[in-house]
Every structure is written in structure tokens, then in C-alpha cells.
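When a residue number appears, it is its place in the shown sequence, counting from 1. Start at 1 and go down the list; that is how both ligands and their atoms are numbered. These figures come from a predicted structure and were not determined experimentally.
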Amino acid sequence: MARRGRRAALGAAGASLMLLAALPAAGQTATEPGIAAGDRKSGRDFLAPETRAQQDDLSINPGMLWVEQGEKLWREAAGAGAKACASCHGDPSALKGVAARYPAYDARLQRLLNLEGRIQNCRLEHQRAAPLPYESQALLALTALVAHQSRGLPLNVATKGPARPFLAAGRAMFFTQQGQLSISCAQCHDDNWGKRLRAERISQGQPNGFPTYRLEWQTTGSLHRRLRACFQGVRAEPFAAGSPELVALELYLAARARGLPIETPAVRR
Ligand code: HEC
Ligand code: HEC
């Protein structure tokens with residue numbers, strides 16, 4: 001596409017994005033791009049004090065409504081075998097630490113599963129119940145419940161062995177310039193974090209708070225919903241929530257965030 005036409009189509013909002021694009025591109029740095037372990041910051045660090053307080057104080061954190069709903073669903077029998085999550089797993093706290101290792105490769109299913117995918121699989125295979133669609137309130141609630149058990153624990157996904165090709169695919173996507181604006185994830189979240197983009201401050205794009213309550217959404221959403229919003233922000237056609245492409249990207253994000261504490265449910269503007 002002609003550059004001139006593209007710029008003309010952008011308008012004022014697009015112009016600030018083009019400025020970002022003109023800053024050094026990730027591919028141009030001599031050393032390995034990315035954020036050194038000591039410089040990794042949670043999205044929490046970029047929040048206004050009142051939003052941060054809302055995240056930290058669980059008695060006023062709106063995302064806790066989903067965790068509480070998840071606790072109810074956890075104990076509800078469902079499907080052909082009339083089993084609840086609790087029938088097999090006991091108390092939700094038994095899954096403490098699990099969220100820190102996801103996405104993970106499942107050798108039996110020969111698939112990379114994120115937490116949502118794992119819960120969907122338990123629902124189908126172990127409960128033999130109606131599927132929980134991605135982004136449904138029930139799946140968000142159960143995912144928030146399971147991830148919340150690991151609140152404070154550092155992300156620590158496996159990236160070797162069978163996870164390796166998925167990591168490579170996710171990484172490639174992170175550095176690929178996307179959409180009509182032709183900007184990669186890295187150009188915003190590696191190269192320009194801390195800067196302002198219109199009303200927002202760009203964070204490092206870390207995945208450690210999901211599912212997250214977002215004030216703009218007036219609801220809790222998955223990481224994949226957030227990723228789709230970023231794809232749309234650069235006018236790219238986003239992959240579907242739950243698609244293998246986004247699960248691979250999620251693995252790269254989790255590897256890139258290694259050591260950051262899980263903060264589910266996070267609160268964002
Ligand atoms: C009939 C028993 C059974 C039921 C019911 C069940 N699961 Fe599971 N779950 C398993 C087994 C077995 C595994 C190990 C992976 C596998 O073989 O599927 C597992 C694995 C998991 C894991 C990953 C644990 C890890 O260490 O990686 C999560 C999370 C999970 N289940 C959540 C749920 C949730 C949420 C529900 C309710 C919607 C549920 N499970 C219902 C048997 C069950
Ligand atoms: C034009 C700049 C831009 C691009 C390109 C972009 N994002 Fe974002 N992203 C943002 C902004 C702005 C936000 C909201 C404020 C924040 O948390 O950074 C955001 C939020 C996020 C978040 C949520 C962080 C949190 O703590 O809640 C993640 C994860 C994320 N982006 C990942 C990505 C990925 C992966 C890509 C590439 C597919 C991408 N972004 C592309 C600007 C961008």
C-alpha cells in the first residue's frame with residue numbers, strides 16, 4: 001500500500017501512532033531486543049494511584065466478583081457424570097501455583113493450552129458438559145478463580161522441549177509489524193513503554209494480571225480480548241480469542257514476563 005495514502009487515511013489519532021513508528025524499530029537494535037529481567041514492570045506500576053488502590057484492596061476490587069462467581073461454579077455439578085470441579089480437585093487452593101506455569105504443552109492432547117483451554121478441556125473431557133465458550137462469563141469466572149490462587153507467585157512457564165516451536169511463533173508475531181499502521185507489539189511495549197499515547201500511558205504489555213477488570217469495558221476480560229484490542233489499535237485483523245496463534249503469543253508474553261508476580265484480578269482503566 002502506498003505510504004502517502006496510508007498516512008492520509010489516519011487522521012489526527014493515527015498521526016501520533018506514526019510518530020511512534022518513526023522511533024527506533026525493534027529490529028534495528030544490535031543487541032537482543034526485549035526488556036532485561038531487572039527492568040520488567042507490571043502494568044500495575046503504570047496505574048494512577050486510585051486505580052492501583054482498587055486493584056490492591058480486594059474488598060473494593062471489582063474483579064473479585066468474578067472470582068466469587070467462579071467459587072460458586074467450582075462447586076456446581078455439571079455434565080453426564082454430575083461432577084463438579086471440586087469433586088476432582090478439592091478446594092480451589094489445591095491449584096495454587098498452576099497459573100504460573102501456563103500456557104503449557106500437553107503431550108497427550110499434543111496442544112499448547114492456556115488456562116482457559118485447560119479448563120475448557122476439563123469441562124468437555126472430565127465433566128462431559130456443554131462447552132464453555134471463550135469470553136463467556138463462566139469461563140472468565142473459573143479462570144479468574146484459578147489464576148487468583150497464584151496471586152503473588154512469579155510467572156514461570158516452560159519454554160524448552162515441545163514448547164519451543166510455540167515460543168518461536170509467538171515471538172515472531174511480537175516483532176512483526178502489523179496492520180495498516182505497520183507497528184509491531186515490540187515498538188510500543190519494548191521500545192516506548194512509559195510514554196504517552198493520547199490519554200494512555202503505554203506499559204510493557206505484561207500478561208500477569210488477567211483476567212482483568214477494565215473500567216473502559218465495565219467488565220472483566222481475558223488476555224485475548226486485550227490482545228485483540230491492540231491488534232485493532234494498529235488496524236490489523238485480529239486472530240480469534242482462544243486461537244492457537246494467540247495462545248502461542250501468550251506463551252511468548254509469559255516467557256518475557258518471567259518472574260513478575262501474578263496479580264489476578266488486575267484493574268485497568
Ligand atoms: C473428573 C475429574 C475432573 C473434573 C470434574 C475436573 N477436572 Fe480439572 N483436571 C482433571 C485431570 C485428570 C487433570 C490433569 C490433566 C488431564 O488429564 O486432563 C486436570 C487438570 C486441571 C487443571 C491443570 C492442573 C495442572 O496442574 O496443570 C486445571 C486448572 C483444572 N483441571 C481445572 C478444572 C476446573 C476449573 C474444573 C471445573 C470446570 C475441572 N478442572 C474439572 C480432572 C478433573
Ligand atoms: C500503538 C501501540 C501499541 C501496539 C502496537 C500494541 N499495543 Fe498493547 N497496549 C497499548 C496500550 C496503549 C495499552 C493500554 C495501556 C497499557 O497497559 O499499556 C496496551 C495494553 C496491552 C496489554 C495489557 C497490559 C496490562 O498490564 O494490562 C498487553 C498484554 C498488550 N498490550 C500486549 C500487546 C501485544 C502482544 C501487541 C502486539 C500484538 C500489542 N500489545 C500491540 C499499545 C499498543
Nearest heavy atom to [atom] wins, so pick from [options].
atom                    : options                        : answer
atom 2 (C) of ligand 2  : Ala199, Gly205, Ser203, Cys188 : Cys188
atom 31 (N) of ligand 2 : Glu200, Gln177, His189         : His189
atom 11 (C) of ligand 2 : Arg226, Met173, His224         : Arg226
atom 5 (C) of ligand 2  : Pro207, Gly221, Ser184         : Ser184

Next item on the list: Please state whether the rings of Phe166 and Tyr105 are parallel, tilted or perpendicular, taking 30° and 60° as the class boundaries.
Entry: tilted
For [X], atoms of ligand 1 separated by under 4.0 Å from a heavy atom:
X      : value
Ile119 : 35 (C)
Lys83  : 1 (C), 5 (C)
Tyr102 : 23 (C), 25 (C), 27 (O)
Arg108 : 16 (C), 17 (O), 18 (O)
Cys88  : 1 (C), 2 (C), 3 (C), 4 (C), 5 (C), 43 (C)

Check: If you measure every N/O of Arg268 against every N/O of ligand 2, is any gap under 3.5 Å?
Finding: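 Such a contact does occur with ligand 2.
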Check: Is the distance between atom 8 (Fe) of ligand 1 and the nearest N/O/S atom of His126 smaller than 2.8 Å?
Finding: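 No, outside the cut-off.
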Notebook entry, point to check: Are any N, O or S atoms from Cys122 nearer to atom 8 (Fe) of ligand 1 than 2.8 Å?
Noted result: yes
Next item on the list: Please check if a non-hydrogen protein atom sits closer than 4.0 Å to atom 42 (C) of ligand 1.
Entry: yes
Next item on the list: Measure Leu95 to ligand 1 on non-hydrogen atoms and call it side chain, backbone, both or neither using the 4.0 Å cut-off.
Entry: side chain
